[in-house]
Amino acid sequence: MASYFTDLARQYIDGEWRPGTGSWDVIDFNPYDDEKLASITVATVDEVDQAYRAAARAQKTWAETNPYTRRTVLERALRWTEDHEQEIADLIIAELGGTRVKAGFELHLAKEFLRESIHLALRPEGRILPSPVDGKENRVYRVPVGVVGVISPFNFPFLLSLKSVAPALALGNAVVLKPHQNTPVVGGTLLAKIFEEAGLPGGLLNVVVTDIAEIGDAFIEHPVPKVISFTGSDKIGRHVATVCARHFKRSVLELGGNSALVVLDDADVDYAVDAAVFSRFVHQGQVCMAANRVLVDASVAEEFTEKFVAKVRTLKVGDPRDPQTVIGPVINSAQAGAISGTVEQAIAEGATALLRGTTTDNLVGPSVLTGVPADSALLRQEVFGPVVFLVPFDGEEEAVRIVNGTPYGLSGAVHTRDIERGVAFAKRIDTGMFHVNDGTVHDEPIVPFGGEKNSGLGRLNGETTLEAFTTVKWISVQHGRSGFPF
């Protein structure tokens with residue numbers, strides 16, 4: 001595994017592995033034991049420009065390539081990924097601090113998205129539309145946008161890079177990918193390796209490991225990319241959207257959330273407990289869809305709370321390499337400090353800690369809090385870690401008001417024995433996604449994924465990915481002769 005980090009600790013530009021020429025290095029650490037995994041000299045503004053120029057040169061030929069040929073490259077990428085699953089899982093565990101369960105979950109989804117991208121290569125269809133002008137034929141072609149810039153996060157970097165990179169390539173685009181500086185290999189150069197092995201022509205996928213401290217807004221301001229696909233916080237997403245709009249670019253934004261899992265009075269409490277524990281604590285709660293808040297009807301609150309806390313107590317915190325570990329390290333010390341600060345703030349505001357986890361380096365134990373004041377800002381912001389707020393409510397109307405009382409609208413779930421009651425409840429929630437009798441953390445290749453309010457703009461997956469990474473072009477043909485007024 002060490003050789004993977006050494007081999008992949010470079011920039012990948014125009015089909016070549018090369019060192020960056022920036023003034024400092026990104027140091028890639030294992031968040032569990034602080035082992036230095038790699039050192040990567042950052043890419044400069046000039047190297048970002050080289051990557052985009054290479055992408056623009058290569059894209060024209062790629063767009064004209066038979067889509068069945070493009071599909072073959074995606075098929076080989078899938079096979080390489082399947083053949084190297086164990087190595088990729090080990091990279092996820094080492095670079096992210098992901099547990100073995102998390103690594104398996106991410107790999108499973110990544111393979112599903114690769115399979116969908118294989119089919120997506122053949123999906124674009126044109127149309128012929130009627131015209132009020134005699135003799136005219138209106139042809140509408142669906143064509144690649146050209147070059148796509150992708151900025152991926154640290155929490156599910158392999159999947160969330162791949163779900164933009166693979167379909168963009170399948171549809172005839174070229175890509176420049178900038179992974180998060182905490183996950184430069186799993187979220188960046190690993191994808192370059194996969195597609196290089198799959199025979200993707202040079203220049204079509206470029207990976208630049210860098211940071212705004214070195215390049216500022218050059219990655220999103222550059223004139224070549226027509227679409228920027230960003231996954232991350234709403235604060236940074238707002239900035240990305242602003243810069244894109246100023247430069248007449250399309251932005252696809254998958255941002256943060258403050259999802260709620262709601263337990264109605266007729267829910268299967270034991271099942272709801274299992275769903276809630278997974279929804280909050282998968283990958284240490286570092287998931288945009290994670291259930292920050294668990295709302296429980298007052299009539300079942302006592303039973304639910306007792307069982308929920310008991311189950312959370314059983315979650316093993318520790319080395320992510322241990323198959324028994326459920327909660328590994330958060331990504332870095334800043335994140336660990338922020339999570340501890342959230343717990344302290346909640347208690348200072350009057351909350352009760354039913355379970356208070358301890359923090360050792362980047363290992364943060366789970367905390368279960370109740371009695372957070374209704375006007376607390378903590379209930380309306382995203383908490384990216386293993387902390388959950390239990391909120392009792394009295395009836396559905398109050399539950400709907402509480403769930404919607406946040407600037408976010410990404411995911412959520414409701415538990416009830418009456419399916420149609422659950423669907424009716426879901427329709428009242430201002431989110432892009434909502435699940436009945438399940439967890440809040442889901443992603444599927446053909447179902448539109450995205451949020452409302454501060455949780456993002458646009459959608460990915462399936463047909464919505466087609467909309468994101470292609471555009472339409474009207475070409476009219478006059479078979480007769482038009483008449484002109486002068």
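Computed from a prediction, not measured in an experiment: that's the story for all the values here.
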Looking at Ile220, Thr231, Leu177, which one forms a side-chain contact (heavy atoms from CB on, under 4.5 Å) with Ile151?
-> Ile220
Distance (rounded to the nearest 0.5 Å) between Ser279 OG and Asp438 CG | 7.5 Å
Decide yes or no for Val277 and Leu315: does some side-chain heavy atom of the first lie under 4.5 Å from some side-chain heavy atom of the second?
-> yes
Could you go step by step and tell me if Arg401 and Glu397 meet the salt bridge (Lys or Arg N to Asp or Glu O under 4.0 Å) rule?
-> CA-CA 6 Å; Arg401 178 182 58 79; Glu397 292 300 321; over 6 Å; no
What residue pairs, at least two apart or across chains, pass salt bridge (charged side-chain N to carboxylate O under 4.0 Å, His left out) with a residue in residues 452-472?
-> Arg123-Glu463, Arg142-Glu467, Glu452-Arg459
Between His283 and Phe156, how do the two ring planes meet: parallel, tilted or perpendicular, split at 30° and 60°?
-> perpendicular
Begin with the C-alpha distance, continue with both residues' side-chain angles, and end with the deciding distance and a verdict on side-chain contact (heavy atoms from CB on, under 4.5 Å) for Glu306 and Phe308.
-> CA-CA 6 Å; Glu306 180 181 345; Phe308 181 82; over 6 Å; no
Start with the C-alpha gap between Val296 and Val391, add the side-chain angles, then the distance that decides, and say whether side-chain contact (heavy atoms from CB on, under 4.5 Å) holds.
-> CA-CA 6 Å; Val296 188; Val391 182; over 6 Å; no
Distance-only, no hydrogens or angles: does the Glu47 side chain make a donor-acceptor pair with backbone N or O of Thr44 under 3.5 Å?
-> yes
To the nearest 0.5 Å, atom CD1 of Ile215 lies from atom OG1 of Thr210 at 4.5 Å
Are Ser376 and Glu349 close enough, and set up right, to give a side chain to side chain donor-acceptor pair (under 3.5 Å), and what steps lead you there?
-> CA-CA 8 Å; Ser376 172; Glu349 292 180 2; 2.6 Å; yes
Do you know which of Val372, Leu369, Leu354 makes side-chain contact (heavy atoms from CB on, under 4.5 Å) with Leu390?
-> Leu354
Could you tell me the separation between the CD atom of Glu116 and the CG atom of Leu74, rounded to the nearest 0.5 Å?
-> 10.5 Å
Taking the side chain as every heavy atom from C-beta outward, state whether Asn206 and Tyr12 have any pair of such atoms under 4.5 Å apart.
-> no
Between the CG atom in Asn155 and the CD atom in Glu106, the distance rounded to the nearest 0.5 Å is 8.0 Å
Would Asp265 and Arg417 count as a salt bridge (Lys or Arg N to Asp or Glu O under 4.0 Å) if you check the C-alpha gap in whole Å, the side-chain angles of each, and the deciding distance to 0.1 Å?
-> CA-CA 9 Å; Asp265 55 5; Arg417 294 181 190 273; over 6 Å; no
Pairs where residues 162-177 contributes a residue and the test salt bridge (charged side-chain N to carboxylate O under 4.0 Å, His left out) is met, not counting sequence neighbours | Lys163-Asp443
Per side-chain contact (heavy atoms from CB on, under 4.5 Å), Val441 is matched among Met289, Arg280, His435 by Met289
Can a salt bridge be assigned to the pair Asp322 and Arg100 using a cut-off of 4.0 Å between side-chain N and carboxylate O?
-> no
Do the rings of Tyr52 and Phe219 sit parallel, tilted or perpendicular, given the 30° and 60° boundaries?
-> tilted
Asp34 atom CG: more than 12 heavy-atom contacts under 6.0 Å = yes
Please examine the side chains of Val240 and Leu253, heavy atoms only from C-beta on, and report whether any two atoms are closer than 4.5 Å.
-> yes
